[in-house]
Amino acid sequence: MDYQHTLLLWAVGIVFVCLFIRNLRSSIKHRREMVWSTVSAFFVCFLIFSCIVADAEGTLVFLPGDTPENKVIHFFDNVVSGDMVAAAADLSAPRQLMSMPEEMSDTDLLYYQALRSSFSYSLNGSSEMEKTHAKQSVDLTYLDLNSLPDPIRENVMEELKQVVDERRKDEVYDGDENYRPEILDEVYHDSVSKVLEHAEDYYVTTTLELSLDYTNGSWYITPADEMLIAFDGGSSAGANFANNAKSEVLGELTYIPKHYTIAEDVLLPPAPNRDKYGKTDDPEVIQAILDEYPRLTGIDEPFWNKDIKLREGLFNYYADETIVVIAWRETYNGKNCTFADVYIADPSQLRRKLTEDTYGSAVHKPASALAKEANAVIALNGDFYKFRTVGVTSYRRTLYRFNPGQLELCHVDASGNLNFTYANELKTKEDAEQYIKDHNILFTLAFGPVLVEDYKIHPSSPSYLLGQVGEIYSRSALGQRGSGHYLLMTMNYGGNIEDSKKAMYDMGVERAYAVDGGQTAEIVLNNQMFNPVDYRNERFVSDIICFDTALPEDENK
C-alpha cells in the first residue's frame, strides 16, 4: 500500500476515535445509550476503510470454489483422452489444439495419430495464486515430430535397396530412370509406419509455465505460444508438417516443394534475412530475381517491367522461397509515385499489425517501428482506425466497430483476397458479423473509396466521406491481381482520388482500395521509410498492413 493510502487510513482511524469520544461524552451528559450511535459510526468508517483498501489493493473478491489445479487437470485430461474440442473450452481465447490439414493421406494420418496418443503430463507442485490470476507449472510429454524425418529417411533408403533387388526394373523406375511415384509412396508409408511403431523413442518432455485468470465464475488458461507449439509436436510447420516431412525425406529422390504458413495465432512471424535485401539500377538483376522463384512469380506477370525510368534511387528488392518484393520510385502520369510489386506463397503472409497487438490501444507509433515489431519484409500504412470513429473494424475475425456510415469497406479474407462492400450493404451489426463468418474475413479496412474492381475504374461520389477525394493530397493504395500478387502504391505531394484510380488501373490491378493518405501515406521496406512522406517525417499511426516471410528463421540462410 502506498504512502497516500496509508495516510487516508490513519485519517479514518482518527475520525472514528473522535466520533467514539464524542458519543461517549454525549451519553454521559444526556444519559443516552451510546451503542447504536457508535455502531453507526463504526459502520460508516468501515465502508470508507474498505474503499481505500480496494483502491490500493485492487477489487476485493471471494475465493472461487474451483482451483487452478483442477482446471489444468481437466484441460490436460481432455488432451490426453484426445478430446481437443473439450480441452479448448478451458482456454481464455479460442484456439485450435493440434494443427491438422483438412485433407490427409493415410501416411499423413499416421503422424497425427501418433502425436495425439503421445501426450501425458504431470503438475509441478501447487499453483501460485494472486487474486484472480494464477500460475501453474506443468511437465508435458509429447512426440517430437521434428526428430522423425532422419530415421524415416534411413528406413526409406534401406527399403528402396530391398525393392530394387526384389522387383523388376520397369516396376521401380520410369523411362527416365526416376523412381516411380507409387514406389516412393509405398516405401515412404512403410517407413513412417515402422518408425512410429516405436514412437516413444522420440518423446520429449518440456516444462510449461501456464497462466490462468478467473473470470465469469471459472478459471481459464491463457494459450501461450510455447504450449500451442508443443501440441503441434514442437513443429512450427503446423498443418504443413506432413507435407514438409515428405519433402525432406524424399527430397533427394523426387521434388516435393515445401509449403510454409504463419499460424493466425502467432503474433510474431519469422524475421526476414537482412542479407536478402538488395538494391540495383540494372533491370536484368531484377529479372533474374523474378526468374529464380518461379513458384511465386510464375503465377502472374509482374507489375514491374524493364522499361521503368526511376525517378530517384534504385530498384530495391527482397526475395526468399516465400516472398518476392520489388520496390521503386518513378514519375507516373506526372505524379511522384512509389510502387512495390509483392508476391507471397501463402495468404497467411498478408497480415495487419495494430499497436500493442490490441484493438483500441491508445498508443501510436511510426509505421517503421510497427513494421520492425511485426518482422515485416514490407509494409503499407493502414486506415488509421484509431483516428476516427466511423467505419467497420474487424481484426482477427472479430468485429469491434460497426459504424459504417456511407463508407466503402475492404475485407481481407483468409485466402488473401480483397473483398469490397458498399454503402448500406451491411445494414446491421449482425449483418457484418455474418459477412465476416461467411467470407472467412480476417480483418476489415475502413477508408476508401474502392479504386478498381474487376479491372475497371470504380466510380465514387465527389462527396465521399473520407480522404477529401477531390482535393490534392498524398495518396496510398493497396491493389491485387490474382492469388498472392499485390501492388502497393503511394502518390506523394499531390494527387486526387481520380489520379490514384488511374494509376492503379493503368498498372493492371484486378481490384484496388484507397487507405489513409496525407502524411500517413507510407511504404516501409527493411524497417525504413521508403517513399518521401509529407514533411519527410513519419506520422505516428495505429496500424499497418504487413507482408511477412513464412520461411522459418533457421531455414532462411
Side-chain angles (χ1 to χ4, degrees), residues 91-95 215-216 264-265 267 347-348 350-365 367 370 374 380-453 458-469 476-480 497 511-518 520 539-546:
L91 301 178
S92 60
R95 293 293 187 273
T215 181
N216 297 325
E264 287 183 29
D265 296 329
L267 294 177
S348 65
L350 168 55
R351 302 164 66 86
R352 188 180 193 184
K353 169 75 173 177
L354 306 186
T355 53
E356 298 187 316
D357 299 308
T358 303
Y359 173 79
S361 169
V363 175
H364 291 166
K365 294 183 179 182
L370 287 176
L380 177 71
N381 67 279
D383 61 6
F384 204 165
Y385 79 94
K386 200 66 173 63
F387 187 71
R388 53 189 63 85
T389 59
V390 70
V392 172
T393 301
S394 69
Y395 173 63
R396 299 173 73 86
R397 300 180 183 272
T398 301
L399 178 67
Y400 285 99
R401 173 190 293 164
F402 183 77
N403 183 23
Q406 297 296 305
L407 291 186
E408 298 171 357
L409 306 170
C410 178
H411 313 270
V412 180
D413 64 29
S415 297
N417 294 318
L418 310 185
N419 302 267
F420 303 141
T421 57
Y422 298 92
N424 302 316
E425 188 171 343
L426 302 177
K427 299 182 183 299
T428 66
K429 179 181 178 182
E430 290 72 25
D431 288 343
E433 290 173 335
Q434 193 63 45
Y435 183 90
I436 290 170
K437 180 179 179 181
D438 291 345
H439 293 81
N440 209 11
I441 301 301
L442 298 181
F443 62 87
T444 299
L445 301 168
F447 200 85
V450 173
L451 305 177
V452 177
E453 186 171 20
H458 182 76
S460 54
S461 169
S463 60
Y464 187 79
L465 183 60
L466 297 180
Q468 297 170 291
V469 297
S476 186
L478 172 65
Q480 178 188 11
I497 207 67
R511 56 185 73 92
Y513 185 76
V515 289
D516 195 10
T520 306
R539 188 180 188 187
F540 280 51
V541 296
S542 59
D543 57 289
I544 57 173
I545 302 164
C546 304

Residues in side chain to side chain contact (heavy atoms under 4.5 Å, CB included) contact with [X], at least two apart in sequence or another chain:
X	answer
Leu418	Cys410, Val412, Phe420, Leu478, Gln480, Arg511
Ser92	Tyr220, Thr222, Pro223
Asn424	Gln406, Lys427
His364	Phe384, Lys386, Phe540, Ser542

Partners of [X] by salt bridge (charged side-chain N to carboxylate O under 4.0 Å, His left out), sequence neighbours excluded?
X	result
Asp357	Lys353
Glu453	none
Lys365	Glu373

query: Is Ile497 close to Leu451 at the side-chain level, that is, under 4.5 Å between some pair of heavy atoms?
result: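 With C-beta onward as the side chain, the pair touches.
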message: Are the side chains of Val469 and Ser460 in contact, using a 4.5 Å heavy-atom criterion?
response: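 The answer is no, as the side chains (C-beta and beyond) never meet within the 4.5 Å cut-off.
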query: Given Glu264, which of Arg396, Arg397, Arg95 fulfils the side chain to side chain donor-acceptor pair (under 3.5 Å) condition?
result: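 Of the listed residues Arg396, Arg397, Arg95, the side chain to side chain donor-acceptor pair (under 3.5 Å) partner of Glu264 is Arg397.
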To the nearest 0.5 Å, what is the distance between [atom1] on [X] and [atom2] on [Y]?
X	Y	atom1	atom2	value
Leu370	Asp543	CG	CG	8.0 Å
Leu407	Tyr464	CG	OH	4.5 Å
Leu445	Leu409	CG	CG	9.0 Å
Arg351	Ile545	CZ	CD1	13.5 Å
Asn403	Lys429	CG	NZ	12.5 Å

Considering residues at least two apart in sequence or located in another chain, which fulfil the side chain to side chain donor-acceptor pair (under 3.5 Å) criterion with [X]?
X	value
Ser394	Thr444
Thr520	Asp516, Arg539
Gln434	Asp438
Asp431	Thr428

message: The criterion is ring-ring contact (aromatic ring centres under 6.0 Å, His included); which residues satisfy it with Tyr422, sequence neighbours excluded?
response: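 Once residues adjacent in sequence are excluded, the partners of Tyr422 under the ring-ring contact (aromatic ring centres under 6.0 Å, His included) criterion are His458.
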query: For Leu466 and Val390, what are the C-alpha separation, side-chain angles and deciding distance, and is it a side chain to side chain contact (heavy atoms under 4.5 Å, CB included)?
result: CA-CA 9 Å; Leu466 297 180; Val390 70; 4.3 Å; yes
Can you see which heavy atom on [X] is nearest to which on [Y], and at what distance?
X	Y	result
Ser476	Leu380	OG-CD1, 3.2 Å
Gly416	Pro347	N-CB, 3.5 Å
Ala432	Leu399	CB-CD2, 3.8 Å
Ala446	Asp383	N-OD2, 2.8 Å
Phe402	Val392	CD1-CG2, 3.8 Å
Glu408	Val450	OE1-N, 2.8 Å

- prompt: Any sub-3.5 Å donor-acceptor pair from Tyr513's side-chain atoms to Asn419's backbone N or O?
  reply: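 Checked: no pair found.
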Arg401 backbone acceptor or donor facing Thr393 side chain under 3.5 Å: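 Answer holds: no.
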message: Counting the benzene-type ring for Trp, do Tyr395 and Tyr359 have ring centres under 6.0 Å apart?
response: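 No - the distance between ring centres of Tyr395 and Tyr359 does not fall below the 6.0 Å cut-off.
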- prompt: Pick from Asn440, Ile441, Asn417: which one makes a side-chain contact (heavy atoms from CB on, under 4.5 Å) with His411?
  reply: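 Answer to the side-chain contact (heavy atoms from CB on, under 4.5 Å) test with His411 among Asn440, Ile441, Asn417: Ile441.
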- prompt: Are there more than 12 heavy atoms of other residues, nucleotides or ligands under 6.0 Å from atom CZ of Phe387?
  reply: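 At most 12 heavy atoms, drawn from other residues, nucleotides or ligands, come within 6.0 Å of this atom.
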